[in-house]
Peer 1: 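This structure is in structure tokens; I'll ask about it shortly.
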Amino acid sequence: MLTRLHISNIVLIDKLNIEFGAGLNALTGETGAGKSILLDALALALGARSDAGLLRSGADTAQVIAEFENIGAEYLQPLQEHGIEISDELVLRRTLFADGKSKAWINDVPVSVKILKTVGDALVEIHGQFENHTLLDPATHIASLDEFATRLGPDGAGRTGGYAAVLTATKLAYGEWKSADKKLKELQELLKKSAEEREYLEHNVRELESLNPALGEEMELSSRRAQMMDAEKNAGILSDAKSALSGGGKGTAEQIFSAAHILERIKTDPNPYQPQIDKLYEAGGIIGEIAEQLSPLAMDIGDLESTEERLFALRAAARKHRVTVDELPDKLIEMREQLNAIDDSDASLKKLTAEVQTKKSEYDNYAAALSAARTAASKTLRAQILKELPDLKLGQADFEINIEQGQPSAIGTDAVTFMIKTNPGSNFAPLHKIASGGELARFMLALRVVLMGDKTGAKTYIFDEVDSGISGATAAAVGERLARLAAEGQALVITHSAQVAGHADKHYLIKKSSTTTDTTTTVDEIDGNPRILEIARIISGEKITDESVASAKQLLKK
């Protein structure tokens, strides 16, 4: 529901703040007061194309803010898709610049004008010069008929739930049919591809089976190879160390023993170097013992070559199949399953083909039942709308619902189009091809009133020109239907009809005031005597009479 509209620097409007209420809101005023400017401004906030001509003279920027409350969850999908936080209040803001460019926000989140329009169209339906009402789009007709039929029941007897059950069953059957059909196509594609590559698959399976890869084997082989390569290097190092201690020529131990022998030849008795001689013998013995212990660590490095062959073979296979070595066992299983699928192709193909046929048959049955229910509901919808037309001065008009065979979908096989003709002898034409104006606005009012039924309205409906060319009882009928449409929601009507204005829950007067240097449009809510005088003005014109005042009071009393 539109609760507030803030406008600044739009044509004749300097600054304007309007608070709207639930139910029917009427806006009246003399011709040229600026009623169309309000629609221009609101349309801008709802995503209409920007126009630098809307900018008030002397202003650099203009801004329109439309605030909404009590937003139905079904209208907020565009917001959820673009990450806009959803709350009880929704604020649409548009700023217009002198070069004709503009910026848009929803709940202070910058958005494109396209997103703003998508959200605006979901929130507000304007019947008039902007024609953004969804019912002019044939793609919405089937959903509108389904909503009506859901309330009505599949047999037209007013039973609830039956039509919804058939619609739900059709959606489920369509999903199951398409799911089975997808599996069949995937199997057919797989079998076609696999059959062409059978020889290649068999070769690869034999190759991997012979290789017999195991999970974690690459890491184990790589670690073992590294250890064996280190052991081979270490053996050479140990050999050099041992040679240095006791190896070729004179080893370290032999040199020490030789030094001790030389010292023993000293003639002094006792030998003054005997302690040193003893230590040399001890050191030589230790070094000899160490040399004996410098043997290679116990490791079989003889299978280094076979380990490397195995490791390299696994890695080559992984590169060939574009997987890791650890994924080779799964790749083998996958290729075996492909070969098994080829072997079992006839049985699998027959089973899936039969399943698709069964699911398709079930869907066709539900779709046929849904189509029959739609046809029955369309006759009831036509009858109810035709009952509304005479009171709206559309007694010569006719309405029908064209249901043709369409492409199968989750909502059946029907293509639904609302068709009207405005004069006897003319041909029916799709709703969106009928000329705009008061006649179409009244027809759309009738259509909306019937389609709404007992449903609580979440949209805001705006009607302009709906009272064009009518008066008296016809205008009263328009006002009564606008009030019905707005009873559980909200409607705004720009009107020149006292009968329409008399049905409003809230009444706003649009006035234009001028000075020698400026002209400004203002909007004020009126009630009591000011409202009586405004309705009297609409009845009698510029000169308000006692009779017009009495008539205005009588209209408001009704």
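Counting begins at 1 with the first residue of the sequence.
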Peer 1: Please give me the minimum heavy-atom distance between A397 and L386, naming the atom from each residue.
Peer 2: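 A397 and L386 have their closest heavy atoms at O-CD2, 4.4 Å.
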Peer 1: With side chains defined as the heavy atoms from C-beta onward, is the minimum distance between H6 and E67 less than 4.5 Å?
Peer 2: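 H6 reaches E67 side chain to side chain.
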Peer 1: Taking R448 first and then E125, would you say they form a salt bridge - that is, a charged N and a carboxylate O separated by under 4.0 Å?
Peer 2: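 Yes, R448 and E125 are salt-bridged.
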Peer 1: When you check the gap from the basic side-chain N to the acidic O, do E534 and R537 get nearer than 4.0 Å?
Peer 2: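 Looking at E534 and R537, the cut-off is met.
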Peer 1: Any side-chain heavy atom of T495 within less than 4.5 Å of one from V478?
Peer 2: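 With C-beta onward as the side chain, the pair stays apart.
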Peer 1: Please find the pair of heavy atoms, one from L352 and one from L187, that lie closest to each other, and give the distance.
Peer 2: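 Smallest interatomic distance, heavy atoms only, reads CD1-CD2, 3.8 Å.
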Peer 1: Do the non-hydrogen side-chain atoms of D40 and V11 ever get within less than 4.5 Å of each other?
Peer 2: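 Sidechains of V11 and D40: no contact.
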Peer 1: Within a strict 4.5 Å, meaning less than it, do heavy atoms of the F148 and T380 side chains meet?
Peer 2: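 Side chain of F148 against side chain of T380, heavy atoms only: contact under 4.5 Å found.
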Peer 1: What are the two closest non-hydrogen atoms of V466 and I470, and how far apart are they?
Peer 2: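 The answer is O-CD1, 3.9 Å.
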Peer 1: Any side-chain heavy atom of K35 within less than 4.5 Å of one from T521?
Peer 2: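 With C-beta onward as the side chain, the pair stays apart.
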Peer 1: Identify the heavy atoms of R94 and R49 that sit nearest to each other, and give their distance.
Peer 2: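 Taking R94 first and R49 second, the nearest heavy atoms are NH2-C, 4.2 Å.
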Peer 1: Using only heavy-atom distances, determine whether the side chains of T460 and Q490 contain a donor-acceptor pair under 3.5 Å.
Peer 2: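 Checked: T460/Q490 side chains pair up, N/O donor to acceptor below 3.5 Å.
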Peer 1: For the ring pair F399 and F443, is the centre-to-centre distance below 6.0 Å?
Peer 2: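 Under 6.0 Å, so yes.
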Peer 1: Can E189 and K185 be counted as an ion pair, charged N to O under 4.0 angstrom?
Peer 2: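 No, no charged N to carboxylate O under 4.0 Å.
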